[in-house]
Amino acid sequence: MNRNEILSSLKENPEISVLIVGAGINGIGTFRDLTLNGVDVLLVDRGDFCSGASAASSHMAHGGIRYLENGEFRLVREAVRERNRMIQNAPHIVKPLPTTIPIFKYFSGIFNAPLKFLGWLDKPSERGSLIIKLGLLMYDAYTGKHRTVPRHKVLSRANSLAKWKQLNPQVVNTATYYDGLISNPERLALEILLDAEADNPNANTLNYMSMVSGEKDTVILRDELSDETYEVRPKLVINAAGPWIDIANHSLGLSTRLIGGTKGSHLVLDHPELCAVIGNHEFFFENKDGRIVLIFPLYDKALVGTSDIKIDHPDQARCTEEEVDYFIEMIARIFPSVKVTREHIVFRFTGVRPLANSEAKYTGQSSRDHHIEVLSGDGTNLNFPVYSLVGGKWTSFRAFAEQVTDKALSYLGKTRQKNTRDLPIGGGRGYSTDANEQKHQIDGFAARTDLNKERLQILYARYGTRAEELAAYIKRAADAPLNSLPDYSRREITFLAQIRQRI
Ligand SMILES: Cc1cc2nc3c(=O)[nH]c(=O)nc-3n(C[C@H](O)[C@H](O)[C@H](O)COP(=O)(O)OP(=O)(O)OC[C@H]3O[C@@H](n4cnc5c(N)ncnc54)[C@H](O)[C@@H]3O)c2cc1C
């Protein structure tokens, strides 16, 4: 159904099993799992799909090695497992990313780590080689027998400086390990959403649709394009509004303080010298203040981030000039000879991490773990329960969605029929990482669609095996490259726009 058809059907029949509010990765992940298990679900977002925290991430599918020192072993193990699954299920978007840590001290952190683990030390402080080595050994162990990514390696000072010539000569070691790069998180989220819709005719999604209030058995939604309101009567509401969870609960008359969000900003730099220096590696390191920061290659640009600053209201998040100064200084700490100025910035973005409200003194210590907060029954003015999805990481979205779905299925009196553990996503279905096999697939697409192989190679790199569907569409009418981005064509953009005729 297109947008108008969904809206008419809602008017005719406002009864639905589950209403999910918020189409970030947690809402979308839960939508997929529920629809896969035959539940009728309506997913709404007040803006574009995947435009909140999920569009502001550092693009990393990672276990979060530094959470080990907070004693969050369960979280790290789960995230490493989920990182591996993302690399397997969405190989066209999530790729192993060599990650290098430049280390400036041998021993620092060795006494701090156990103190931090026991909760006796609050302040972040610099980690030395030994403690990083221990962390990486553990991290490798969590990758387990499924060696989706290679083991870590530590290089001496001399070898590090021979390999990374512009690296700050004060370095004592570098350690290289692997995580995953989510090259295009928004596309990945949309592909999950499209898969889910294709799988279940009772799965519907609406963007530009806000939840504005609720009472007894009814929730009121407002169409942000027409201002018209719609009533729905769900058996269960899943509040996946990320940093806006408390505000969304408030609109249902629920007074919660579940989120203590922190703002994180990024810069995208057009800086060929910096890109050449880092190569295909992410540099992941501590700044002077103990914050972990990163520089890494994103297509032909460099992505730099991120800050971690407490914020009262998510709508206030902006990347400030102070943050820009902080990032520019931090690059100079690692690569002193590479000059970066504001002229190199082509894009800034910022978002708020929907972290659980925490008493931690330093923002970096707030847990990245996830949980479901249930509000129902007496004390609320609602006849349905509300599950609020608190915390989490992009990386662990599937596991979080599974946890929410299990709970929802049990509430609805249903049993799980399918799971998403090994379920390929979008253009990751049938995608091969082997160069020969890729060539073979592209030859096949070219023969079947009559689009030239050079163009198909670009589409394959961008959309995985969905390239064939796209190529067939492109060939149905005259096409031309975009003036500003000749790598993209008009028919390609029309395809992307028309696939969602919902707005
Ligand atoms: C700076 C930063 C860096 C990060 N880096 C990483 C990383 O590298 N790796 C990683 O794994 N994780 C990372 N994360 C964490 C990860 O991005 C988030 O945990 C995740 O995206 C949260 O998704 P969500 O679906 O819960 O929230 P969101 O993506 O914010 O989705 C919530 C949605 O709810 C909608 N909404 C709000 N109110 C309403 C309403 N009333 N009605 C309808 N819709 C509503 C919003 O429009 C929004 O789209 C990072 C986060 C940030 C901010």
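Note that the structure is predicted; figures quoted are calculated from it, not measured. Whatever order the structure lists ligands and atoms in, that order sets their numbers, starting from 1.
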For [atom], what's the nearest protein heavy-atom neighbour? Residue, atom name and distance, please.
atom	answer
atom 23 (O) of ligand 1	Ser54 OG, 3.2 Å
atom 47 (O) of ligand 1	Asp45 OD1, 2.8 Å
atom 31 (O) of ligand 1	Gly24 CA, 3.3 Å
atom 52 (C) of ligand 1	Arg353 CG, 3.5 Å
atom 44 (N) of ligand 1	Arg46 N, 3.1 Å
atom 27 (O) of ligand 1	Gly242 CA, 3.4 Å

For this session: Going by the ring pair (Phe, Tyr, Trp, His ring centres under 6.0 Å) test, name the single residue among Tyr178, Tyr177, Trp164 that passes it with His281.
Result: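 With His281 as partner, ring pair (Phe, Tyr, Trp, His ring centres under 6.0 Å) holds for just one option, Trp164.
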
Could you list the atoms of ligand 1 found under 4.0 angstrom from a heavy atom of [X]?
X	value
Gly351	53 (C)
Met209	43 (C)
Ser210	42 (N), 43 (C)
Gly392	19 (O)
Gly264	1 (C)

For this session: Before giving the answer on salt bridge (Lys or Arg N to Asp or Glu O under 4.0 Å), spell out for Asp325 and Arg342 the whole-Å C-alpha distance, their side-chain angles and the decisive distance to 0.1 Å.
Result: CA-CA 9 Å; Asp325 289 338; Arg342 281 178 159 68; 3.0 Å; yes

Exercise. Going by distance alone, is a donor N or O of one side chain under 3.5 Å from an acceptor N or O of the other, for His62 and Glu282?
Worked result: no

For this session: Just let me know how Pro354 lines up against ligand 1, side chain, backbone, both or neither, with a heavy-atom cut-off below 4.0 Å.
Result: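 Under 4.0 Å from ligand 1, Pro354 contributes side-chain atoms alone.
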
Exercise. Is the backbone of Asn4 close enough, under 3.5 Å, to the side chain of Ser8 for a donor and an acceptor to pair up by distance?
Worked result: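 Yes, because the side chain of Ser8 sits within donor-acceptor range (under 3.5 Å) of the backbone of Asn4.
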
Exercise. Counting distance only, does the side-chain N/O of Glu5 pair as donor-acceptor with the main-chain N or O of Asn2 below 3.5 Å?
Worked result: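 Between the backbone of Asn2 and the side chain of Glu5 there is a qualifying donor-acceptor contact (under 3.5 Å).
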
Counting both backbone and side chain atoms, is some N or O of [X] under 3.5 Å from an N or O of ligand 1?
X	answer
Gly391	no
Thr262	no
Ile25	yes

Problem set entry | Arg46/Asp315 under salt bridge (Lys or Arg N to Asp or Glu O under 4.0 Å): CA gap, chis, key distance, verdict | CA-CA 13 Å; Arg46 64 177 189 165; Asp315 291 343; 3.6 Å; yes

